[in-house]
Amino acid sequence: MKNHRSCKKKNKMGLWMLTALVAGNMIGSGIFLLPSSLARLGSISLYGWIATTLGAFLLAILFAKMSLWIPKAGGPYAYAEAILGRYMGFQTAYSYWIAIWVGNAAIALAFAGYMQVFIPFLLSPLQSCLLAITAVWIVTLVNIFGARAAGFLQLVTTICKLIPIFLVAIIGWFYFNPYYITQSFNVSGQSNFSAFSSSVSLTLWAFIGVESATASSNAVSNPRFNVPVATLLGTAIAALAYISGSIAIMGMIPNSELAQSSAPFALAAAQIFGQGGEYIVAIGAALSCFGCLNGWVLLQGQIPMNAAEDRLFPTLFAKRNRHDIPANAVILTSVFISLLLLLTISPSLVKQFEIVILIAVLTNLLPYLYTSIAALVTIHLHHKSNHKYWLYQIIAFLAGLYALYAIASCGTQTLLFGLAFLVTSIPLYYYLKKHNQ
């Protein structure tokens, strides 16, 4: 028994691995594409970054505090289940799990796309799909061998992908031209408020993953300390990478040229390092996607496992292997990812896949809203008489408003699809409830 406990402890993640999980799950392929999207609005988007960063820190503080108030693995699912009831807990776990594995399919495809720089003969959709599936199963195998192995890979890939980002952010100041920023404050053709709102809508996707540490806290050593600290520290690292990189690139490349680029970091790196800059960025982008995929594969097992242990998901998902990993949940979810990747080979399904991705983003935001509501209820029920908690009430309220604004910005069509998707959780919940009883 003592050896088993020692083995379990060795397989858990420490502070730096957990911080890399949080930062790595947020810093995905988006960092290498967002500067071009934001350039279509103008340098006013820098204010959007600031507003979104503040919103992300509100959520980070909220998740850090909730991990202490409700010290249970599962993150948003655990908080919704404990405070809002079993159905809301199931809906959170259901939507969050679907969002993870659909999002993982997109990350795997992005990885395959960046790898084409080094493997140019990967031109056919089938070859790119097979490479994406291979990446999924490599990180799946790593995760099956324990959270510490996944955490080590996450630490290495996070450090490697931050290198090109911070190289551009730091060395880029030697190529910085403030005129590029001042002359293109708002080029969107909209009012300043509308352009600002659009920039917030774009940049908020960059911080999805802020809850990663709380969702996998049962795979962490000393979670009461490491989870809240890693949540805040990981969010700070991601924010620094996003904002410093965006400012540097906007000051290095004329706005009209930046807005038309499909590889803004490659343009910036080419100015600094010459023609070889494209390869530097491609390496960073591929590692960014691979590391991000690794982190989310870790979560794709943890969420259904926690729900299964509470008898809200089939018990199959709760079974752990000798490395204390829910291998069934990880493997089965990777099978779903592989099937989805194979389905997206067909050109007729591309548009459908894009809609599914938007729904995945929406279903990621719902757990944020539920966590804010759970925090407000928790403070009201258990800390109402303690005036020290008024600040956390404000934080939870503002975080909830932020999540609502983000959901509303998804668009009417996406909201309707998301609503239809969530309606399916009702019969599924009652079926599983009856079956598990």
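Keep in mind it's a predicted model, so treat the numbers as computed, not measured.
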Peer 1: When rounded to the nearest 0.5 angstrom, what distance separates CG in L21 from CG in L299?
Peer 2: 5.5 Å
Peer 1: Of all residues at least two apart in sequence or in a different chain, which pass the side chain to side chain contact (heavy atoms under 4.5 Å, CB included) check with V377?
Peer 2: I83, L84, I373, L381
Peer 1: Hey, could you give me the OG/CG distance between S199 and L46, rounded to the nearest 0.5 Å?
Peer 2: 9.0 Å
Peer 1: Check whether any side-chain N or O of N321 sits under 3.5 Å from a backbone N or O of I144 as a donor-acceptor pair, and report yes or no.
Peer 2: yes
Peer 1: Quick check on side-chain hydrogen bond (donor to acceptor under 3.5 Å, both in side chains): which of N143, N104, T140 does N294 satisfy it with?
Peer 2: N143
Peer 1: By the salt bridge (Lys or Arg N to Asp or Glu O under 4.0 Å) test, which pairs, at least two apart or in different chains, include something from residues 216-239?
Peer 2: none
Peer 1: If you look at every heavy atom in Y77 and L312, which pair is closest and at what distance?
Peer 2: OH-CD1, 3.6 Å
Peer 1: Mind checking side-chain hydrogen bond (donor to acceptor under 3.5 Å, both in side chains) for S212 and listing every partner two or more places apart, or none if nothing turns up?
Peer 2: N25
Peer 1: CD1 of I208 to CG of L365: how many Å apart, nearest 0.5 Å?
Peer 2: 5.0 Å
Peer 1: Side chains of Y180 and S43: does their closest heavy-atom pair fall under 4.5 Å?
Peer 2: no
Peer 1: Could you pull out the closest heavy-atom pair between N192 and I44, with the gap in Å?
Peer 2: O-CD1, 3.3 Å
Peer 1: Is the closest side-chain heavy-atom distance between T203 and L38 below 4.5 Å?
Peer 2: yes
Peer 1: Output, in order, the C-alpha distance, side-chain angles, deciding distance and verdict of side-chain contact (heavy atoms from CB on, under 4.5 Å) for W137 and V335.
Peer 2: CA-CA 9 Å; W137 285 101; V335 170; 4.0 Å; yes
Peer 1: Which atoms form the tightest heavy-atom contact between A230 and L15, and what is the distance?
Peer 2: N-CD1, 4.0 Å
Peer 1: Closest approach of G42 and M250, non-hydrogen atoms and distance?
Peer 2: O-CE, 3.9 Å
Peer 1: Under the salt bridge (Lys or Arg N to Asp or Glu O under 4.0 Å) test, which residues partner E81, sequence neighbours left out?
Peer 2: K72, R86
Peer 1: Using the side-chain contact (heavy atoms from CB on, under 4.5 Å) rule, take Q300 and I337 through it: C-alpha gap first, then chi angles, then the decisive distance, then the call.
Peer 2: CA-CA 11 Å; Q300 79 183 29; I337 296 171; 3.3 Å; yes
Peer 1: Just to verify, what does S246 make a side-chain hydrogen bond (donor to acceptor under 3.5 Å, both in side chains) with, not counting sequence neighbours?
Peer 2: W49
Peer 1: Starting at CD of Q91, measure out to OG1 of T424 and round the result to the nearest 0.5 Å.
Peer 2: 9.5 Å
Peer 1: Mind checking side chain to side chain contact (heavy atoms under 4.5 Å, CB included) for Y402 and listing every partner two or more places apart, or none if nothing turns up?
Peer 2: T52, L59, L204
Peer 1: Kindly say whether the aromatic ring centers of W97 and F313 come within a distance under 6.0 Å.
Peer 2: yes
Peer 1: Please check if any side-chain donor atom of S334 sits under 3.5 Å from a side-chain acceptor atom of W101, or the reverse.
Peer 2: no
Peer 1: Would you compute the distance between atom CD1 of I394 and atom CZ of F397 and round it to the nearest 0.5 angstrom?
Peer 2: 10.0 Å
Peer 1: Looking only at the side chains, is there a donor atom on one of N255 and Q183 sitting less than 3.5 Å from an acceptor on the other?
Peer 2: no
Peer 1: If you look at every heavy atom in V210 and A56, which pair is closest and at what distance?
Peer 2: CG2-O, 4.0 Å
Peer 1: Do the side chains of I107 and F290 get nearer than 4.5 Å, heavy atoms only?
Peer 2: no
Peer 1: Does Y392 reach the side chain of L376, with side-chain heavy atoms less than 4.5 Å apart?
Peer 2: no
Peer 1: With a 4.5 Å cut-off on side-chain heavy atoms, are L58 and L54 touching?
Peer 2: no
Peer 1: We want to know whether E211 and Y368 form a side-chain donor-acceptor pair, criterion being a heavy-atom distance below 3.5 angstrom.
Peer 2: yes
Peer 1: Who are the side chain to side chain contact (heavy atoms under 4.5 Å, CB included) partners of A20, not counting sequence neighbours?
Peer 2: Q154, L155, T158
Peer 1: Run R40 and L258 through side-chain contact (heavy atoms from CB on, under 4.5 Å) and show every step you take.
Peer 2: CA-CA 8 Å; R40 298 185 182 98; L258 183 60; over 6 Å; no
Peer 1: So L341 and V136, do their side chains get closer than 4.5 Å, heavy atoms only?
Peer 2: yes
Peer 1: Check whether the ring centres of Y47 and F196 lie less than 6.0 Å apart, and answer yes or no.
Peer 2: no
Peer 1: Run the side-chain hydrogen bond (donor to acceptor under 3.5 Å, both in side chains) test against S184 and tell me which residues pass, sequence neighbours left out.
Peer 2: none
Peer 1: Check side chain to side chain contact (heavy atoms under 4.5 Å, CB included) between Q271 and all other residues, then give those that pass, not counting sequence neighbours.
Peer 2: Y175, M252, I253
Peer 1: Taking only residues at least two apart or on different chains, which pairs with a member in residues 46-60 satisfy salt bridge (Lys or Arg N to Asp or Glu O under 4.0 Å)?
Peer 2: none
Peer 1: Could you tell me if the side chain of V187 sits less than 4.5 Å from the side chain of L41, heavy atoms only?
Peer 2: no
Peer 1: Indicate, with yes or no, if the rings of Y242 and F207 have centres closer together than 6.0 Å.
Peer 2: yes
Peer 1: Got a donor-acceptor contact below 3.5 angstrom from the S45 side chain to the G48 backbone?
Peer 2: no
Peer 1: Do any N or O atoms from the side chain of N328 and from the backbone of V330 form a donor-acceptor pair under 3.5 angstrom?
Peer 2: no
Peer 1: Once you round to the nearest 0.5 Å, how far does CD1 of I325 lie from CD of Q302?
Peer 2: 6.0 Å
Peer 1: For atom CH2 of W16, decide whether the heavy atoms of other residues, nucleotides or ligands shown that lie under 6.0 angstrom number more than 12.
Peer 2: no
Peer 1: Going by side-chain hydrogen bond (donor to acceptor under 3.5 Å, both in side chains), name the residues that satisfy it together with S425, two or more places apart in sequence or in a different chain.
Peer 2: Y87
Peer 1: Considering residues at least two apart in sequence or located in another chain, which fulfil the ring pair (Phe, Tyr, Trp, His ring centres under 6.0 Å) criterion with W173?
Peer 2: F176
Peer 1: Measuring only between side-chain heavy atoms, which start at C-beta, is F63 closer than 4.5 Å to Y79?
Peer 2: yes
Peer 1: Assess whether a salt bridge exists between R320 and E309, defined as any Lys/Arg side-chain N lying under 4.0 Å from an Asp/Glu carboxylate O.
Peer 2: yes
Peer 1: Run through T214, T231, N226 and flag the one making a side-chain contact (heavy atoms from CB on, under 4.5 Å) with S67.
Peer 2: T214
Peer 1: Should L366 and T92 be marked as a side-chain contact (heavy atoms from CB on, under 4.5 Å) after you check the CA-CA gap, both sets of side-chain angles, and the distance that decides it?
Peer 2: CA-CA 7 Å; L366 283 172; T92 302; over 6 Å; no
Peer 1: If you take all heavy atoms of A108 and L293, which pair is closest and at what distance?
Peer 2: CB-CD2, 4.3 Å
